[in-house]
**Q** 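Here's a structure for you.
Naming convention: chains lettered A, B, ... in sequence-line order (proteins, then strands); numbering from 1 in each chain.
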Amino acid sequence: MGRSPCCEKAHTNKGAWTREEDERLVAHVRAHGEGCWRSLPSAAGLLRCGKSCRLRWINYLRPDLKRGNFSRDEDELIVKLHSLLGNKWSLIAARLPGRTDNEIKNYWNTHIRRKLLGRGIDPVTHRPLTDAATEERPPARACAKPVKMEQLQQGGICFRCSILRVRGAATECSCGSNFLGLRAGMLDF
DNA sequence: AACACGTCCAACCGCCTTACG
DNA sequence: CCGTAAGGCGGTTGGACGTGT
């Protein structure tokens, strides 16, 4: 038994969106704004699940999307942010106007990752591959005691569990270890 | 021309977090 | 405080497209 599906799958379309579906979704969001994705499909006359509508809007139809190739600056910023935040694509995307988390995630996996590996840099640790192979370091894993989201809004990275943005005034992550402060000048949370 | 293989990216899935009654 | 619904996120997939043979 899993959790109940987010929508009635028998009556929803899947796969690539058609031009007509896009137009319906854009028209509805323009008229009513974002939000209430659950009820949007029926209100907009779409045979899609709400999640699918949200994803389509955020990743493709939003008017403020930049699209096109990533600039060198964006490229470097993504690498810097990833070294600090890890695979927190939504947080990285928040620092790149006009880019989506999905777009950055894809770009990372298809371009940057390969480029770093080509330079002999581990794309996970951002250290030289030889160091990463020989050095004793804790395995990357989820923190046993997850930090609440409001704590993550504040700043800092736990070196043990790699949880980011632990409250700046505190000296310990919820997993029990000390954390590194943000590197000056890298980010201005 | 036809096929195999690799790359890219839109979309889906399932879990986690948050809001609310 | 607890349970539930909805939103949000990251990992993964599948198909379209490009390139090499």
Side-chain angles (χ1 to χ4, degrees), chain A residues 1-26 28-29 32-44 46-71 74-75 78-79 81-96 98-118 123-126 139-154 157-158 161-167 173-175:
Chain A
M1 293 289 283
R3 67 176 48 204
S4 59
C6 69
C7 52
E8 185 54 63
K9 294 192 178 191
H11 300 104
T12 55
N13 292 339
K14 287 178 71 172
W17 281 64
T18 64
R19 179 188 287 261
E20 192 196 337
E21 286 178 314
D22 281 347
E23 285 170 359
R24 280 178 185 270
L25 179 55
V26 169
H28 187 274
V29 174
H32 302 95
E34 293 181 40
C36 208
W37 297 107
R38 181 90 170 181
S39 59
L40 184 148
S42 58
L46 288 164
L47 292 174
R48 290 276 178 175
C49 108
K51 274 187 168 187
S52 181
C53 294
R54 177 185 159 270
L55 212 62
R56 183 64 178 170
W57 173 256
I58 287 173
N59 289 334
Y60 200 81
L61 298 175
R62 243 170 52 197
D64 58 328
L65 290 180
K66 204 182 268 183
R67 312 194 68 78
N69 293 339
F70 282 77
S71 68
E74 287 178 312
D75 210 283
I78 291 169
V79 174
L81 288 168
H82 187 273
S83 72
L84 284 167
L85 306 174
N87 295 357
K88 300 292 177 185
W89 307 115
S90 60
L91 292 175
I92 294 173
R95 291 271 144 190
L96 284 121
R99 301 295 187 185
T100 71
D101 54 354
N102 206 34
E103 194 178 11
I104 293 169
K105 178 171 59 182
N106 282 333
Y107 186 63
W108 175 270
N109 287 327
T110 56
H111 292 89
I112 301 180
R113 229 179 79 86
R114 200 174 305 155
K115 196 161 78 182
L116 291 177
L117 285 169
V124 177
T125 63
H126 293 264
R141 58 177 179 79
C143 180
K145 296 179 182 175
V147 178
K148 287 281 184 188
M149 282 311 289
E150 59 263 30
Q151 289 177 279
L152 300 185
Q153 302 305 315
Q154 304 300 319
I157 293 177
C158 171
C161 64
S162 300
I163 291 282
L164 69 152
R165 289 179 156 197
V166 180
R167 186 175 292 277
C173 172
S174 297
C175 74

**Q** In this structure, are over 12 heavy atoms from other groups packed under 6.0 Å from A:R19 atom CZ?
**A** no
**Q** Which nucleotide in the set C:dG10, B:dA10, B:dC9 lies at the smallest distance from any side-chain heavy atom of A:W89?
**A**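 The answer is C:dG10.
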**Q** Should A:S90 be listed as having a side-chain N or O under 4.0 Å from OP1 or OP2 of C:dC9?
**A**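 Result: yes.
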**Q** Check the distance between B:dG6's P and A:N109's CG and give it to me in whole angstrom.
**A**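 Taking atom P of B:dG6 as the reference, CG of A:N109 is at 18 Å.
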**Q** Check the distance between B:dA10's C1' and A:D101's CG and give it to me in whole angstrom.
**A** 13 Å
**Q** Between B:dA10, B:dC8, B:dA11, spot the one nearest the side chain of A:T110, thanks.
**A**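 Selected nucleotide (nearest to the side chain): B:dC8.
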**Q** Counting side-chain heavy atoms from CB outward, which of C:dG10, C:dT12, B:dA11 is closest to A:N87?
**A**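 Taking heavy atoms from C-beta onward, the closest nucleotide is C:dG10.
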**Q** Answer yes or no: is there a side-chain heavy-atom contact under 4.5 Å between A:D22 and A:R56?
**A**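 Touching, per the 4.5 Å side-chain cut-off.
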**Q** Is a donor-acceptor contact shorter than 3.5 angstrom present between the side chain of A:K51 and the base of C:dG8?
**A** yes
**Q** Determine whether a donor-acceptor pair (one donor, one acceptor, N or O, separation below 3.5 Å) exists between the side chain of A:K88 and the base of C:dG10.
**A**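 It does not, because no donor-acceptor pair links the side chain of A:K88 to the base of C:dG10 below 3.5 Å.
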**Q** Taking atom C1' of C:dT12 as reference, at what distance in whole Å does atom NZ of A:K105 sit?
**A** 8 Å
**Q** Roughly how far, to the nearest 0.5 Å, is CG of A:D101 from CG of A:L91?
**A**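 Going from CG on A:L91 over to CG on A:D101, the span is 10.0 Å.
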**Q** Can you check whether A:L40 reaches A:V29 side chain to side chain, under 4.5 Å on heavy atoms?
**A**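 The answer is yes, as the side chains (C-beta and beyond) meet within the 4.5 Å cut-off.
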**Q** Under 3.5 Å, is there an N or O donor on one side and an acceptor on the other linking the side chain of A:K14 and the base of C:dG14?
**A**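 Looking at the base of C:dG14, it does not pair with any donor or acceptor on the side chain of A:K14 (distance under 3.5 Å).
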**Q** Remember a base hit wins even if backbone is also touched, and classify A:N59 as base, sugar-phosphate or nothing at under 4.0 Å, heavy atoms.
**A** nothing
**Q** Can you figure out which of C:dG10, B:dC12, C:dT12 approaches the side chain of A:L55 most closely?
**A**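 Per side-chain heavy atoms of A:L55, the pick is B:dC12.
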